[in-house]
Structure formats: C-alpha cells, structure tokens
Amino acid sequence: MVFLRVPAAAATTISPRLGSLPEIRTVLQIAGPSNVIMAVWLRELTDVSRLEAAVERQLKEVEIVDR
C-alpha cells in the first residue's frame, strides 16, 4: 500500500492516471491527510523506488506520504 497526498482539485483526475501504470492494482480516495491510497504488485523490493520515481515524474502534484 502506498499513501498519497493529492490536492482536492486534482483527486478525481489522478486516479485514472495512476491506474494506467501496470503495477498499480487499486486506487482509492479516502478521508484524511493522505487522501489517496494505492495497492501495488511488484516483483522485487527494488521496484518500489522505480515506481515511486515514475509516479513523481508523471504526476508532479502527487506527494508520496508513506508506504
């Protein structure tokens, strides 16, 4: 699970964009300081950093809060 902080104005457009990445299985909007959560399937632990870099590169408004 990866917890994200997304501006409210962008929350509805972020989910489909995150869902386009093949490693991401589920994207949910939730209440709280981390307002988006995503479930991911990765083959190796080292893939976590690669996925985080891809999310940060493609979605500048997203902040990864916790994993």
Side-chain angles (χ1 to χ4, degrees):
M1 301 297 253
V2 180
F3 296 86
L4 309 171
R5 186 172 296 129
V6 179
T12 57
T13 61
I14 290 296
S15 293
R17 291 167 63 196
L18 286 170
S20 70
L21 296 170
E23 301 89 348
I24 299 176
R25 298 295 174 228
T26 303
V27 178
L28 303 168
Q29 292 184 25
I30 59 174
S34 300
N35 58 344
V36 174
I37 188 172
M38 61 183 187
V40 300
W41 289 355
L42 302 169
R43 297 186 121 200
E44 304 287 334
L45 187 56
T46 56
D47 292 339
V48 174
S49 295
R50 186 189 49 74
L51 176 64
E52 288 179 348
V55 169
E56 291 170 347
R57 187 174 47 255
Q58 295 176 26
L59 303 166
K60 302 288 186 201
E61 61 271 43
V62 172
E63 177 187 356
I64 297 171
V65 178
D66 198 7
R67 54 181 154 123

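Values reported hereafter were calculated over all heavy atoms of this structure, with side chains retained and with hydrogens, waters and symmetry mates removed.
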Q. Can you tell me how far the CD atom of E52 sits from the CZ atom of R57, to the nearest 0.5 Å?
A. 12.0 Å

Q: Working to the nearest 0.5 Å, report the span between CE of M1 and CD1 of I37.
A: 3.5 Å

Q. Counting distance only, does the side-chain N/O of S49 pair as donor-acceptor with the main-chain N or O of T46 below 3.5 Å?
A. no

Q: Measure across R5 and P33 and return the closest heavy-atom pair with its distance rounded to 0.1 Å.
A: NE-O, 3.1 Å

Q: Give, for atom CG of L18 and atom OG1 of T26, the distance between the pair rounded to the nearest 0.5 Å.
A: 11.5 Å

(Q) Restricting to non-hydrogen atoms, name the atom on T12 and the atom on P16 that form the minimum distance, rounded to 0.1 Å. (A) O-CD, 3.4 Å

Q. What distance do Q29 atom CD and N35 atom CG have between them, rounded to the nearest 0.5 Å?
A. 7.0 Å

**Q.** Minimal non-hydrogen separation, S15 against V27, with atom names
**A.** OG-CG1, 3.5 Å

Q. Atom CD1 of I24 and atom CG of L42: how far apart are they, to the nearest 0.5 Å?
A. 9.0 Å

Q.
If hydrophobic clusters are built from ILVMFWY residues whose side chains come within less than 4.5 Å, do L21 and I64 share one?
A. yes

Q. If you round to the nearest 0.5 Å, how far is CG of L4 from CE of M38?
A. 5.0 Å

Q. Would a distance-only check, ignoring hydrogens and angles, find a side-chain to backbone donor-acceptor pair under 3.5 Å from S20 to R17?
A. yes

**Q.** side chain to side chain contact (heavy atoms under 4.5 Å, CB included) evaluation trace for V36 with L28
**A.** CA-CA 6 Å; V36 174; L28 303 168; over 6 Å; no

(Q) Assigning hydrophobic clusters by single linkage (Ile, Leu, Val, Met, Phe, Trp, Tyr; side-chain heavy-atom cutoff under 4.5 Å), is V2 placed with L59? (A) yes

Q: Measure across P22 and R25 and return the closest heavy-atom pair with its distance rounded to 0.1 Å.
A: O-NH1, 2.9 Å

**Q.** Lys/Arg-Asp/Glu bridge criterion (N-O < 4.0 Å) met for E44, R50
**A.** no

